[in-house]
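Please read all numbers here as calculations on a predicted model, not as lab measurements.
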Amino acid sequence: MAVPASRFDLWAPRPERVTLLADGQRVPMTREEDGWWRPTELPAELATGEVDYGYLLDDGPDPRPDPRSRRQPEGVHGLSRTFDPDAHVWGDGLWRGRPLAGGTIYELHLGTFTPEGTLAAAEQKLDHLVGLGIDFVELLPVNGFNGTHNWGYDGVLWYTVHEAYGGPAAYQHFVDACHQRGIGVIQDVVYNHLGPSGNYLPEFGPYFNEQANSTWGTAVNLDGPQSDPVRRYVVENALMWMRDMHVDGLRLDAVHALVDPARAVDVLEEMAVETDALSAAVGRPLTLIAESDMNNPRLITPREAGGFGLTGQWSDDFHHALLTNLSGDTTGWFADFAGLDSLATVLTRGFFHAGTYSSFRGRTHGRPLDLARTPAWRLVVCSANHDQIGNRADGSRPSSRLDPGQLAIAAAFTVLGPSTPMIFMGEEWGASTPWAFFTSHPEHELGEQVSKGRLEEFAEMSWDPETVPDPQDPSTFTSSKLAWDEARDGGHAGLLAWYRQLLALRRSRPEVTDPRWDRTSVHHDADAGWLVLDRGGRTVVAANFAATDVDVPLERAGLTQGFEVEGERGGAQLGADALHLRGHSVVVLTR
């Protein structure tokens, strides 16, 4: 199969004629095998240096950007600009990478992480993350989209870095700065759909399978006719981030929407094979994490055992079990998770739905993990993430409906539980700012459709329309930016100190990062509202989910002699026979 050999090669089997428009010059292109076009004779002055360019398809009047464009200085409808990824002088020579095992992830959105919303500004906050005890930052999608601000899931040029963030050079500088501080970088990537504005791929070739649909419309062509180059387009993009940008892993968005039934080798398995090969070449661990609510262990089962061989996957069940028992919300998908039995299950078995009936889906769902062979760190868990906050009608965070004690409980079970913890930006201090769904579509009609659709979606859920922010209103975006000053104030500062203490414990106590499921046990009384998580008999988290005080019998909770209080929030007293917990309190005991 042909591959690009020079900077202007193009896969475009659909047009009959293609002309390269580069720095104002029209350069004829010659069609070769498999639908690849190459410049017939490239002028010497275009062979090096920065060049602004695009393609005229079938003599159309408007040049189209390169599907593999590395820069879009004038936006996704403008000309592409060449970018030399080897121009950056890397300073991370001592960085040997970081495995996911034992690590902690911090999820952030560049546009709202700082007031400036740029990669350079985010660099200035890295010392905060170092002090917190973070091992990886996970960036929400950064590739090119139309408009000034967006969640990132409307991207249309997967090889670019959004110019408002700083472009690809600033991205490399950010990754370099992270590595020099001992922090790895995971990039969120979207391969299941493209955004509604600036998607010119269908003009070039069969990038989409018109016979298959995903959650967001027509599916990417991963298994239909002429799908080989499309799959390479996807896989090579994944490799580009890890090779050229030095990122340490990818979070793969909504893998259930990667429609690939006709292939013997799934695209996820192919990506894992290629990633492992690149890891061997660069000499550092490379991580692939699937966003999946399918509870399908095959995703993270090694290929030697018949799985896809991905490194990890998100576990929504943990979030649902934890938040349902803290907030009391049992609507929608939370219904099955009412009661502390659900939290006990996810802490000791990973999945709650493992071939069990899901009332939300109206069917059985999931499959059990092989606990003897699947390390607990393969599941990424959280008490909040961009989806669970931003997909609420008002974009409100857990801090808007949980008291300080409940936020401390959420932190303790997330950080000291058996799986890989992920913290959403600002949760470490209980940020009061919302994180709403926001867009900036320049097209008036598209913007109106998005705003109207948002209102209709939540009207069906009986939300007051007055509480649903307009995604197109600039204030919806600006109000979602973190207010860093509040991290130093009162209860916010106290919660931040708690997170730092928990993460320090995680780094210093080997039993907390022990990946063996049988080294974790849970004792609980669902009626009384208490739950005790035992990590290897040496570190224990005990919490009272109820609003009233409770005495936890030490013998019933499996608390033998020799424990002392390491830290607590909300009020706890360790007695000779019982542990007294105030309402909504949590204590960490160590031996």
Side-chain angles (χ1 to χ4, degrees), residues 101-102 104-105 293 295 297 300 312-327 334 336-356 366-372 374-385 388 398 406-423 502-503 505-506 509-546 552 556-559 579 581 585-590:
T104 302
I105 302 171
D293 68 351
N295 289 11
I300 53 176
Q313 70 167 86
W314 279 22
S315 174
D316 284 349
D317 283 7
F318 177 90
H319 170 272
H320 299 347
L322 182 60
L323 266 292
T324 296
N325 282 286
L326 287 171
S327 69
F334 292 117
D336 292 341
F337 296 88
L340 287 175
D341 289 347
S342 68
L343 184 57
T345 298
V346 297
L347 287 169
T348 56
R349 305 191 66 82
F351 294 150
F352 178 74
H353 283 304
T356 54
R367 184 175 182 175
L369 285 173
D370 184 341
L371 299 179
T374 306
W377 57 259
R378 290 197 185 277
L379 298 185
V380 176
V381 301
C382 66
S383 62
N385 62 44
Q388 299 299 337
Q406 292 172 309
L407 293 175
I409 293 172
F413 282 104
T414 303
V415 173
L416 299 183
S419 299
T420 299
M422 184 176 74
I423 300 166
L502 294 173
L503 287 165
L505 270 174
R506 179 176 172 80
R509 306 282 296 193
E511 65 274 9
V512 176
T513 51
D514 192 322
R516 292 169 289 186
W517 289 102
D518 62 3
R519 300 302 174 93
T520 295
S521 61
V522 168
H523 298 81
H524 69 290
D525 186 325
D527 294 329
W530 60 262
L531 186 145
V532 173
L533 169 68
D534 187 326
R535 302 302 317 279
R538 299 192 66 238
T539 297
V540 167
V541 180
N544 180 10
F545 287 77
V552 179
R556 185 178 172 190
L559 296 174
L579 173 65
L581 296 174
S585 66
V586 60
V587 61
V588 177
L589 307 173
T590 57

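In this structure Ala411 satisfies the side chain to side chain contact (heavy atoms under 4.5 Å, CB included) test together with Trp498, Tyr499, Leu502, sequence neighbours excluded. The side-chain hydrogen bond (donor to acceptor under 3.5 Å, both in side chains) test applied to Thr324 returns no partner, not counting sequence neighbours. Residues forming a side-chain hydrogen bond (donor to acceptor under 3.5 Å, both in side chains) with Thr590 (at least two apart in sequence, or on another chain): Glu566. Shown here are the salt bridge (Lys or Arg N to Asp or Glu O under 4.0 Å) partners of Arg509, two or more places apart in sequence or in another chain: Glu511.
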Could you go step by step and tell me if Leu503 and Ile423 meet the side-chain contact (heavy atoms from CB on, under 4.5 Å) rule?
-> CA-CA 11 Å; Leu503 287 165; Ile423 300 166; 4.1 Å; yes

Apply the test side-chain contact (heavy atoms from CB on, under 4.5 Å) to residues Thr513 and Arg506: give CA-CA distance (whole Å), side-chain angles for both, the deciding distance (0.1 Å), then the verdict.
-> CA-CA 7 Å; Thr513 51; Arg506 179 176 172 80; 4.0 Å; yes

side-chain contact (heavy atoms from CB on, under 4.5 Å) between Trp314 and His319: does it pass, once the steps are laid out?
-> CA-CA 10 Å; Trp314 279 22; His319 170 272; over 6 Å; no

Criterion side-chain contact (heavy atoms from CB on, under 4.5 Å) on His524 and Leu343, from CA distance to verdict | CA-CA 10 Å; His524 69 290; Leu343 184 57; over 6 Å; no

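A side-chain donor-acceptor contact under 3.5 Å links Arg535 to the backbone of Gly417. Of the possible donor and acceptor atoms, none in the side chain of Trp530 sits under 3.5 Å from a partner among the backbone N and O of His523.
Counting only residues at least two apart or in different chains, side chain to side chain donor-acceptor pair (under 3.5 Å) contacts with residues 345-356 comprise Asp336-His353, His353-Thr356. Screening residues 408-422 for side chain to side chain donor-acceptor pair (under 3.5 Å) gives no qualifying pairs among residues at least two apart or on separate chains.
Between Ala344 and Val522, the closest heavy-atom pair is CB-CG1, 3.7 Å. Pro418 and Trp517 make their closest contact through CG-CZ3, 3.9 Å (heavy atoms, listed as atom of the first residue, atom of the second, distance). What you find for Asn544 and Ala528 is that their closest heavy atoms are OD1-O, 4.2 Å. The shortest non-hydrogen separation linking Val346 to Ala321 is CG2-CB, 4.0 Å. Between Leu533 and Leu416, the shortest heavy-atom contact is CD2-O, 4.0 Å.
Of the charged side-chain nitrogens involved, at least one lies within less than 4.0 Å of a carboxylate oxygen, so that Asp514 and Arg516 count as a salt-bridged pair.
Separating the CZ atom in Arg378 from the CD atom in Gln313 is a distance of 10.5 Å, to the nearest 0.5 Å. Considering OG1 of Thr520 and CG of Leu347, their distance stands at 8.0 Å, rounded to 0.5 Å. Taking CG of Asn385 as the reference point, atom CG of Asp316 lies at 7.0 Å (rounded to 0.5 Å). Rounded to the nearest 0.5 Å, atoms CD1 (Ile409) and OG (Ser585) are 6.5 Å apart. Atom CG of Asp534 sits about 10.0 Å away from atom CG of Leu589, to the nearest 0.5 Å. Taken to the nearest 0.5 Å, the CD1 atom of Ile300 stands 5.5 Å off from the CG atom of Leu369.
Between Phe337 and His320, the ring planes are perpendicular. Angles over 60° get that label, and only those under 30° would be called parallel.
Using a 4.5 Å heavy-atom threshold, the side chains of Leu505 and Val512 count as separate. At a threshold of 4.5 Å between non-hydrogen side-chain atoms, the residues Phe413 and Ser383 do not count as touching. Between Val532 and Val540 the shortest side-chain heavy-atom distance falls below 4.5 Å. Taking 4.5 Å as the limit, some side-chain heavy atom of Asn325 sits within range of a side-chain heavy atom of Ser342.
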